[in-house]
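Please read the structure below before turning to the comments.
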Protein chains: 2
Amino acid sequence: MRQLVLDVLSKQKAAISLPELEDMFEKADKATLYRTLKTFEENKLIHHIDDGSGAVKYALCQESCECEPEDLHVHFYCTVCQKTFCLNDTPVPSINLPKDFSLEKVNMVVSGICASCQK
Amino acid sequence: MRQLVLDVLSKQKAAISLPELEDMFEKADKATLYRTLKTFEENKLIHHIDDGSGAVKYALCQESCECEPEDLHVHFYCTVCQKTFCLNDTPVPSINLPKDFSLEKVNMVVSGICASCQK
DNA sequence: AGTAACTTTGCAACCCGGTTGCACCGCGTA
DNA sequence: TACGCGGTGCAACCGGGTTGCAAAGTTACT
Ligand SMILES: [Mn+2]
Ligand SMILES: [Mn+2]
Ligand SMILES: [Zn+2]
Ligand SMILES: [Zn+2]
């Protein structure tokens with residue numbers, strides 16, 4: 001099962017959610033897939049992305065993917081195809097927090113229209 | 001009802017979620033509060049914040065609060081008290097998207113420890 | 001006041017993503 | 001063969017959000 005899921009993940013251009021994964025298999029159980037993603041994430045194979053679409057999405061970690069402690073790159077959510085992409089080459093800009101606020105991590109999601117959906 | 005909700009909202013230092021609002025009233029119905037927040041948002045009185053905590057939170061719009069088309073300021077989620085704050089003075093930095101990606105809006109949530117929770 | 005039209009509210013049900021307990025299965029090992 | 005352990009499937013549950021519908025409240029007009 002994990003092999004199959006890993007295959008699917010590595011073939012994806014966009015990040016994928018649990019429900020999407022579910023009906024991409026049709027045969028495997030939701031809980032199994034859920035636990036698979038969980039173990040993958042614990043072992044730093046994948047990272048999750050909260051793009052505000054209601055379902056958390058997952059994408060393979062890249063070579064340089066330091067998901068912890070701080071997510072390095074920006075994510076892009078296409079409002080047309082509803083796909084979410086890792087912009088691995090777009091680092092999260094550093095920001096100045098008010099005094100006495102300590103930074104742990106940053107989630108930056110840009111919405112718009114992706115390259116494929118531009119006409 | 002709307003008056004009451006508006007009062008609560010204007011007294012809040014942190015953004016508030018629908019469930020939080022719910023048990024802050026104990027008397028009003030979830031649906032009513034939900035619809036109240038909805039109309040407030042449609043009329044640009046409040047804006048919503050998706051901080052990844054599972055529940056969308058709402059905060060009053062400030063004078064200069066141009067929530068549309070693009071959310072202007074950064075939000076801060078405290079991992080200790082689980083409160084979410086508008087950093088009204090911290091604008092979202094502009095970023096360079098890859099070619100052919102068009103920008104509509106940006107959600108930037110910084111997690112860490114807020115001023116009150118620092119020891 | 002009486003009536004009609006419109007708005008707001010409460011209730012209940014539903015949806016959907018996520019999560020968990022538990023029993024079962026498959027497999028390697030003593 | 002018997003045991004232990006990790007993976008799987010099923011079913012149930014949870015929590016936030018959303019909606020249909022009917023009752024209650026409000027407003028406008030006569
Ligand atoms: Mn990513
Ligand atoms: Mn805000
Ligand atoms: Zn697209
Ligand atoms: Zn705090």
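Just so it is clear, the values below take in all heavy atoms, side chains as well, and ignore hydrogens, waters and symmetry mates. Numbers restart at 1 for each chain; the letters A, B, ... are given by sequence-line order, proteins then strands.
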If a protein heavy atom is under 4.0 Å from the base, mark B; if only from the sugar-phosphate, S; if neither, -; do that for nucleotides 8-13 of chain D going 5' to 3'.
BBB---
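- If you check the side chains of B:Ser53 and B:Gln82, you find no donor sitting under 3.5 Å from an acceptor.
- In this structure, the CD atom of B:Gln3 is 17 Å from the C1' atom of D:dG25, given to the nearest Å.
- No side-chain heavy atom of B:Lys83 sits less than 4.5 Å from a side-chain heavy atom of B:Ser116.
- Atom-to-atom, CG of B:Leu33 to C1' of D:dT19 comes out at 16 Å; the value is rounded to the nearest Å.
- B:Gln82 has its CD atom 15 Å from the C1' atom of D:dG15, to the nearest Å.
- Counting to the nearest Å, the C1' atom of D:dG6 and the NZ atom of A:Lys38 are 15 Å from each other.
- Going from atom CD of B:Glu41 over to atom P of D:dG17 covers 12 Å, rounded to whole Å.
- Atom OH in A:Tyr34 sits about 16 Å away from atom P in D:dG7, given to the nearest Å.
- Of the residues near DNA chain D, B:Lys57 and A:Thr39, the one whose nearest nucleotide (by heavy atom distance) lies more toward the 5' end is A:Thr39.
- Between B:Phe76 and A:Phe101, the angle of the ring planes goes over 60°, which puts this pair in the perpendicular group of the 30/60° scheme.
- Side-chain contact annotation: B:Ser17 with B:Lys57, donor-acceptor N/O pair under 3.5 Å absent.
- Here the P atom of nucleotide C:dT9 and the CZ atom of B:Phe25 are 11 Å apart, to the nearest Å.
- The nearest whole Å value for the distance from the CD atom in B:Glu22 to the P atom in D:dG16 is 8 Å.
- When the shell of 6.0 Å around CG of B:Asp23 is examined, it contains more than 12 heavy atoms from other residues, nucleotides or ligands.
- B:Glu41 meets the side-chain hydrogen bond (donor to acceptor under 3.5 Å, both in side chains) test with B:His48; sequence neighbours excluded.
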